[in-house]
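Position 1 is the first residue of the sequence, and the numbers go up from there. For clarity, every value in this text was computed on a predicted model and none was experimentally measured.
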Amino acid sequence: MRYELYYWTRIQGRGEFVRLALEDAGAGYADVAREKGDGVMAAFLEGEHEGARPFAPPFLKAGRLVIAQTANILQYLGPRLGLAPDSESGRIYAHQLELTISDIVAEVHDSHHPVASGLYYADQKAEAKRRAGDLRETRMPKFLGYFENVLQRGGGRHPLRQHSYVDLSLFQLMSGLDYAFPHAMRRLSPKLPQLTALRQRVAERPNIAAYLESPRRLAFNEDGIFRHYPELDDPA
């Protein structure tokens, strides 16, 4: 099957978690909005296209199916791309871990938009500084410490004792946090040897390495989820 991925054209965002799975598996897919512009998503978002109505991108078209929400898309793709365990218990655990990744991704977004998504960052800088401080000092250590323990329990190389879409999502999470909060990540990294090693292993996977060197991999920027505002990353 040739998949159709729909996501905003100028940012990695949540669509990147899906894109990494498709790239790693060597799946045939079209990055539709990048080819035709963001306006191509309007019919889906306004309920004028057949299939389930997504609230927001990313969403995936697979045949007649329309699937939205990052973790939901990966739950669908995982078994089909060889990126999920065969057992039901393993697939449920993979989905659980992906949902937890989605939780911290949402908290990262809220660190620079703590009041309202519709306001500019400049309109909520004071609140963002306070929220980012809690993220750096409390939430990032808690979430990343959890995933470090999950890796240890999984044997040290994979959360699920085999390569899966969760590995790819943890790679993206670590990469994004390193871009957004380099000082905080330098302080945390000595306590995260398993996650650090996982990130490197994923980057060296042949299809991922080729993707990272290609123009398809957009750079992190201050329009996406992972944004680097120096004032939110305390160097102390």
Asks: Is Lys61 close to Tyr3 at the side-chain level, that is, under 4.5 Å between some pair of heavy atoms?
Replies: no
Asks: Between the side chains of Ser164 and Asp167, is a donor N or O closer than 3.5 angstrom to an acceptor N or O?
Replies: yes
Asks: Not counting sequence neighbours, which residues clear side chain to side chain donor-acceptor pair (under 3.5 Å) with Glu204? List them please.
Replies: Gln200
Asks: Other residues, nucleotides and ligands only: do more than 12 of their heavy atoms fall within 6.0 Å of CD on Gln69?
Replies: no
Asks: Is there a donor-acceptor pair under 3.5 Å between the side chain of Ser111 and the backbone N or O of Val108?
Replies: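 Checking the backbone N and O of Val108 against the side chain of Ser111, a donor-acceptor pair under 3.5 Å is found.
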Asks: Are Asp178 and Arg199 close enough for a salt bridge, meaning some N to O gap below 4.0 Å?
Replies: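 Yes.
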Asks: If you define the side chain from C-beta out and look only at heavy atoms, does anything of Tyr121 sit under 4.5 Å from Glu222?
Replies: no
Asks: Given the side-chain rings of Phe44 and His49, with only the six-membered ring counted for Trp, is the space between their centroids under 6.0 Å?
Replies: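 Phe44 vs His49: aromatic centres under 6.0 Å.
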Asks: Counting C-beta onward and ignoring hydrogens, is there a side-chain heavy-atom pair between Leu188 and Met140 closer than 4.5 Å?
Replies: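 Leu188 reaches Met140 side chain to side chain.
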Asks: Please list, chain by chain and in numerical order, all residues satisfying side chain to side chain contact (heavy atoms under 4.5 Å, CB included) with Asp134, sequence neighbours excluded.
Replies: Thr138, Arg139
Asks: Any carboxylate oxygen within less than 4.0 angstrom of a Lys/Arg side-chain nitrogen, looking at Glu23 and Arg217?
Replies: no
Asks: Glu137: what forms a side chain to side chain donor-acceptor pair (under 3.5 Å) with it, not counting sequence neighbours?
Replies: none
Asks: If you define the side chain from C-beta out and look only at heavy atoms, does anything of Gln75 sit under 4.5 Å from Glu98?
Replies: no
Asks: Quick one: do Asp223 and Arg10 make a salt bridge, cutoff under 4.0 Å?
Replies: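 No, this pair does not count.
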Asks: Before you tell me yes or no, could you show the steps for Asn72 and His95 under side-chain hydrogen bond (donor to acceptor under 3.5 Å, both in side chains), namely the whole-Å CA-CA distance, both residues' side-chain angles and the distance that decides it to 0.1 Å?
Replies: CA-CA 8 Å; Asn72 195 36; His95 189 51; 5.6 Å; no
Asks: Output all residues satisfying side chain to side chain donor-acceptor pair (under 3.5 Å) with Glu35, sequence neighbours left out; order by chain, then residue number.
Replies: none
Asks: Does Arg216 come within less than 4.0 Å of Asp31, counting only side-chain N to carboxylate O?
Replies: no
Asks: Would you say the side chain of Leu173 lies within less than 4.5 Å of the side chain of Leu144, judging by non-hydrogen atoms?
Replies: yes
Asks: Taking side chain to side chain donor-acceptor pair (under 3.5 Å) as the definition, give me every residue that meets it alongside Tyr6, ordered by chain and number, with sequence neighbours left out.
Replies: Glu4
Asks: Under 6.0 Å between ring centres, would you say that holds for Phe220 and Tyr179?
Replies: yes
Asks: For Arg186, enumerate each residue passing the side chain to side chain contact (heavy atoms under 4.5 Å, CB included) test, keeping only those at least two apart in sequence or located in another chain.
Replies: Pro182, His183
Asks: Determine the interplanar angle of the His109 and His112 rings, folded into 0 to 90°, and report it as parallel if under 30°, tilted if 30 to 60°, perpendicular if over 60°.
Replies: perpendicular
